[in-house]
Amino acid sequence: GVGVRVYLIRRLLLTIPTLFIASIIVFLSVRFIPGDVVDVMMMRAQTGMSEETRAAIRRDLGLDTPIHIQYGRWLGVLPQHDAPSDAGARNARFNGVLQGNVGTSLWTGVPVLEALKRRLPVTVELSLMGLVLGLLIAMPIGMYSALRQDTIGDYIARSIAMAFIAVPYFWIGILVVVFGSLWFRYMPPLRLVPLVEDPLGNLGQFIVPAIVLGMVLSGWTMRLTRTMMLEVLRQDYVRTAWAKGLRERAVVLRHALKNSLIPVVSLIGLQLPLLFGGTVVIEEIFLLPGVGRYTVEATISRDYPVISGVLLLFGATVVLANLLIDLSYGFLDPRIRYE
């Protein structure tokens, strides 16, 4: 209705200052990484550089200006610098984020968005599989733990949840690779199997890292599902459903589950940054050529435009995903109004 549209417009307007602040944090934080891209170039070339050469490279890359000027050019509110060795995008007068260009790699000259088009499907597939598997692990165990409160099964389920919360995902991933190679001859494939060419092969390549990612995400979701189910099961309308003689399955799925999902859905929104951070490590461990691995390589190379562009896109994705989650509350609970 009208209330939903007004709420949506207000939230979209609120994302503007949110993304602006995020862009400042992202741009400045990557500059705080020790070392400089010119230092990395000199180290990889294994040769010394004169101060004149270093200054020329920094000028060519646009790194010789104050940080606020560099930010304005990257954002697209200031004209780009003239670089004689680059007659392409950098000579455009305004060519930044506001114009749809999040940057160009300092090493390869490839636009960040073009590189993301090749790598983003890998990260999206891994993230979705990890999220779905995490929910498939957490929801049934959390529901069972609530329905069998203070039983042996409940204690086991709570112990599993605490273990998943406490154990770092990178440690689990390393153990899977090490012991998988020793016991089951499992090694991460060196070549990506495209989904359209070989769906089963693609599933086999992604299922193990997705399970590792899903296990970590499921810990908090499991505990929150149990807590909310216990609260809902104590409500009068659930007791009435029990008194009417309805089956346990009908009471749980029809009356209790839907009303306990709002905090769980909110937690999923809060876990999105953890999900993206997990893909960075998981892709590196399992040799998946996704955005996470691309970010690691860019960080090592001090490729500032790549790091800034990827983190800004991740931030925008998290903001928009949380907006969709907020809109889903009205579906889960009809009592919620957006006026």
Side-chain angles (χ1 to χ4, degrees), residues 126-173 175-176 179 207-279 281-282 321-322 324-326 328-336:
L126 176 61
S127 301
L128 290 179
M129 288 183 64
L131 183 60
V132 171
L133 290 174
L135 292 176
L136 290 177
I137 295 171
M139 298 296 290
I141 297 179
M143 292 167 57
Y144 173 83
S145 182
L147 292 170
R148 303 293 185 267
Q149 185 182 10
D150 295 331
T151 63
I152 295 179
D154 179 29
Y155 292 136
I156 294 175
R158 288 155 64 181
S159 299
I160 293 174
M162 290 304 298
F164 287 171
I165 293 172
V167 178
Y169 48 80
F170 64 86
W171 187 72
I172 298 177
L175 288 184
V176 168
F179 289 105
I207 189 65
V208 175
I211 290 175
V212 174
L213 188 59
M215 287 171 58
V216 178
L217 296 175
S218 66
W220 287 111
T221 307
M222 200 183 303
R223 287 183 59 84
L224 186 59
T225 300
R226 177 186 182 275
T227 302
M228 297 311 303
M229 282 291 295
L230 285 174
E231 182 177 336
V232 172
L233 289 173
R234 297 189 182 104
Q235 299 297 318
D236 291 338
Y237 67 89
V238 177
R239 293 174 180 171
T240 303
W242 287 115
K244 288 181 178 180
L246 294 179
R247 295 180 178 179
E248 182 180 68
R249 180 178 179 181
V251 174
V252 172
L253 297 181
R254 189 181 305 172
H255 298 282
L257 179 60
K258 187 176 180 179
N259 292 318
S260 65
L261 281 181
I262 289 182
V264 177
V265 172
S266 300
L267 179 63
I268 294 173
L270 295 175
Q271 283 184 330
L272 287 178
L274 175 63
L275 179 66
F276 289 139
T279 59
V281 179
I282 296 299
N322 278 278
L324 294 177
I325 289 173
D326 289 348
S328 70
Y329 294 161
F331 169 76
L332 295 173
D333 190 346
R335 295 172 298 178
I336 295 179

Nearest 0.5 Å, what's the [atom1]-[atom2] distance between [X] and [Y]?
X    : Y    : atom1 : atom2 : result
M129 : I207 : CE    : CD1   : 4.0 Å
I160 : Y155 : CD1   : OH    : 15.0 Å
L230 : M143 : CG    : CE    : 12.0 Å

Inset, instruction - Please report the shortest heavy-atom distance between A161 and M222, naming the atom on each side. - result: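 Where A161 meets M222 most closely, the heavy atoms are CB-SD, 3.6 Å.
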Inset, instruction - Quick one: list whatever passes ring-ring contact (aromatic ring centres under 6.0 Å, His included) with F179, sequence neighbours left out. - result: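 For F179, the residues satisfying ring-ring contact (aromatic ring centres under 6.0 Å, His included) (neighbours in sequence not counted) are W183.
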With sequence neighbours excluded, residues passing side-chain contact (heavy atoms from CB on, under 4.5 Å) with [X]:
X    : result
L126 : F206, P209, A210, L213, T279, I282, E283, L288
I172 : V167, V176, V212, M215, V216
R247 : none
P140 : none

Inset, instruction - Go through the steps to decide whether R223 and I165 satisfy the test side chain to side chain contact (heavy atoms under 4.5 Å, CB included), and finish with yes or no. - result: CA-CA 10 Å; R223 287 183 59 84; I165 293 172; 3.5 Å; yes
Legend entry - Residue pairs, two or more places apart or on separate chains, that pass salt bridge (charged side-chain N to carboxylate O under 4.0 Å, His left out) and touch residues 127-143: none
Inset, instruction - Quick one: list whatever passes side chain to side chain donor-acceptor pair (under 3.5 Å) with S218, sequence neighbours left out. - result: none
Legend entry - For D154, all residues meeting side chain to side chain donor-acceptor pair (under 3.5 Å), sequence neighbours excluded: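 Side chain to side chain donor-acceptor pair (under 3.5 Å) list for D154, sorted by chain: S145, R158, R226.
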Legend entry - Side-chain touch T221/I137, heavy atoms, less than 4.5 angstrom: no
Inset, instruction - For I152, look at atom CD1 and say whether over 12 heavy atoms of other residues, nucleotides or ligands are found less than 6.0 Å away. - result: no
